**Student:** 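Below: one structure in structure tokens.
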There are 2 protein chains.
Amino acid sequence: MHNEPTSKAERTRQFIIEKTAAVFNEKGYAGTSLNDLTRATGLTKGSIYGNFENKDEVALAAFDYNFNRVTAYIKARILAADHSIERLLVYPAVYRNCLKIPFLQTGCPILNTATEADDTHPLLKEKAANALSFWKKSVENQVKRGMERGEIKADTNPAQIAAVLMSLVEGAFMQAKVTGRNTELRIAMDFLEKMILDLKV
Amino acid sequence: MHNEPTSKAERTRQFIIEKTAAVFNEKGYAGTSLNDLTRATGLTKGSIYGNFENKDEVALAAFDYNFNRVTAYIKARILAADHSIERLLVYPAVYRNCLKIPFLQTGCPILNTATEADDTHPLLKEKAANALSFWKKSVENQVKRGMERGEIKADTNPAQIAAVLMSLVEGAFMQAKVTGRNTELRIAMDFLEKMILDLKV
DNA sequence: TCTAAATTATACCAGTTGGTATAATTTGCT
DNA sequence: AGCAAATTATACCAACTGGTATAATTTAGA
């Protein structure tokens, strides 16, 4: 983490990303207008276009920012644990409360971006797909680490755990978000927890 | 199924819904313009507004149509089976191939609508939430029926089965749609199948 | 077949969209 | 402090947005 001499423009660029990220996640790409961006930042169009090529570039940067926040939050909690089972349990523990976590209040960035962009916006679609790959690899690596350390049963299939974990989280998150209740989310996360605990040797 | 004397307007209304439903599911509510609607139908704005109050009303009708198609398809396959386990297995069997089913090619209507509308469009949001409730009740009823008939273990929790089944389907569908591959979908549906088979007495 | 009513097309509206020159203002280096 | 360069604001653009009167055309019953 070296502090490079940030120019005004670099700082403004970052400021724009931080202020608009929530708007993009809330309203989607098509639903967010340049006007929304100026309102969210207090800047003018000229200023925004001085730092970004177009709306696309802001949206792409905003997605990275949103995804990064989630990743950093999860990562911190994972590193705080040592045992692989504990580490995997971070996912149900976090998403169980997703409706209360500030930057998840407007929904999961991956889910939001994936469902909007899959048929309409190739660049955003690719970002969402890459985010899923990254997440998948992370989970798989935690499982493998657990197996190497003798903490997780040797016959465990990392790819299976990752696919089921991610599907449960995303599917349950969607339901919680749109129904406004977390009954199903709680059930799904309870189930996921048991599944993870069942991996213990 | 009584054939009421359908007026021209009623037929046109239905025609508009059928032709625009796919567009709404593909581009979303905000991403679909009146222009898209005229292009999809070959009709003019005047004609569309002669049959609908506004874009909202078309979108809401289109959602019902989209959801209905999925429901009808699933229902037909469920009724073709008798044993409760077989009936529940319809879900993984169908969604395993979701990328190839014509009216699911633009994604799951519930998922698409839920993620776009949850923060932006109360009416659509409610429709998505109601669709989830309907689906949940259907699964729960199948499980209960199976328990009454002695086909499903007595200690099964219908709400749990419904929540896990729906989360797995929606989460895995999303991944398949955005990555363009069905590896994770297949894994998740395999898992779901085993879970359902495990309910057998 | 005629005709009143129902339906569809035309032509328009004001407001908004994403985007861009250009002018005004800040920066930050010497 | 002075000044060139980088940054931000202003004012504008054509295209498109959802929506609406009104005119033209169909429809279908007598």
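Every chain is numbered from 1 and lettered A, B, ... according to where its sequence line falls, protein lines coming before strand lines. Remember, it's a predicted structure, so these values are computed and weren't measured experimentally.
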**Student:** How many whole angstroms separate atom CZ of B:F52 from atom P of D:dG19?
**Tutor:**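 About 13 Å, once rounded to whole Å.
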
**Student:** Counting just side-chain N and O atoms, does A:R11 come under 4.0 Å of either OP1 or OP2 of C:dG28?
**Tutor:** yes

**Student:** Show me the pairs that pass salt bridge (Lys or Arg N to Asp or Glu O under 4.0 Å) and involve residues 59-72 of chain B, at least two apart or across chains.
**Tutor:** B:D64-B:K127

**Student:** Going by the rule ring pair (Phe, Tyr, Trp, His ring centres under 6.0 Å), which residues pair with B:Y73 if we only count those two or more places apart in sequence or in a different chain?
**Tutor:** B:F103

**Student:** With B:F63, which residues qualify under ring pair (Phe, Tyr, Trp, His ring centres under 6.0 Å), at least two apart?
**Tutor:**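 With sequence neighbours excluded, B:F63 shows a ring pair (Phe, Tyr, Trp, His ring centres under 6.0 Å) to no residue whatsoever.
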
**Student:** Whole angstrom is fine here: how far is it from CZ in B:R13 over to C1' in C:dT8?
**Tutor:**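 In whole Å, C:dT8 C1' and B:R13 CZ are 16 Å from each other.
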
**Student:** In whole angstroms, how far is the C1' atom of D:dG18 from the CD atom of B:E53?
**Tutor:** 13 Å

**Student:** Nearest whole angstrom, please: distance from the P of D:dT7 to the CD of A:Q14.
**Tutor:**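 Atom-to-atom, A:Q14 to D:dT7, this comes out as 15 Å.
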
**Student:** Can you tell which of C:dT7, C:dG28, D:dT7 lies closest to the side chain of A:T12?
**Tutor:** D:dT7

**Student:** Any donor-acceptor pair under 3.5 Å linking the side-chain atoms of B:D56 with those of B:Y29?
**Tutor:** yes

**Student:** Identify which nucleotide among D:dT8, C:dC12, C:dG19 has an atom closest to any side-chain atom of A:K55, counting heavy atoms from C-beta outward.
**Tutor:** C:dG19

**Student:** What is the separation between atom CD1 on B:I48 and atom P on D:dT17, rounded to the nearest whole Å?
**Tutor:** 13 Å

**Student:** Mind calculating the distance between OH (A:Y49) and P (C:dA23) to the nearest angstrom?
**Tutor:**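 The answer, rounded to whole Å, is 22 Å.
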
**Student:** NZ of A:K45 versus P of C:dA23: gap in Å, rounded?
**Tutor:** 19 Å

**Student:** Return the nearest nucleotide to the side chain of B:T44; candidates are C:dT10, D:dG18, D:dT8.
**Tutor:**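 Selected nucleotide (nearest to the side chain): C:dT10.
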
**Student:** Using the side-chain hydrogen bond (donor to acceptor under 3.5 Å, both in side chains) rule, collect all pairs that involve residues 19-28 of chain A, keeping only residues at least two apart or in two chains.
**Tutor:** A:N25-A:T106, A:N25-A:N112, A:K27-A:D36

**Student:** Hey, does the side chain of A:S47 come within less than 4.0 Å of D:dT7's phosphate (OP1/OP2), counting only N and O?
**Tutor:** no

**Student:** Identify each donor-acceptor pair in which a side-chain atom of residues 154-162 of chain A lies under 3.5 Å from a protein atom, sequence neighbours left out, and give them as a table.
**Tutor:**
residue	atom	partner	partner atom	Å
A:T156	OG1	A:K153	O	2.7
A:N157	OD1	A:A159	N	3.1
A:N157	OD1	A:Q160	N	3.3

**Student:** Can you sort out which residues in residues 29-43 of chain A have a heavy atom within less than 4.0 Å of DNA chain C? Ascending by number, please.
**Tutor:**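 Heavy-atom cutoff 4.0 Å gives A:T32, A:S33, A:L34, A:N35.
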
**Student:** Tell me: CG of A:N51 to P of C:dT20, nearest whole Å?
**Tutor:**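 Value for this atom pair: 15 Å.
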
**Student:** Between A:S84 and A:Q142, is any side-chain donor less than 3.5 angstrom from a side-chain acceptor?
**Tutor:** no

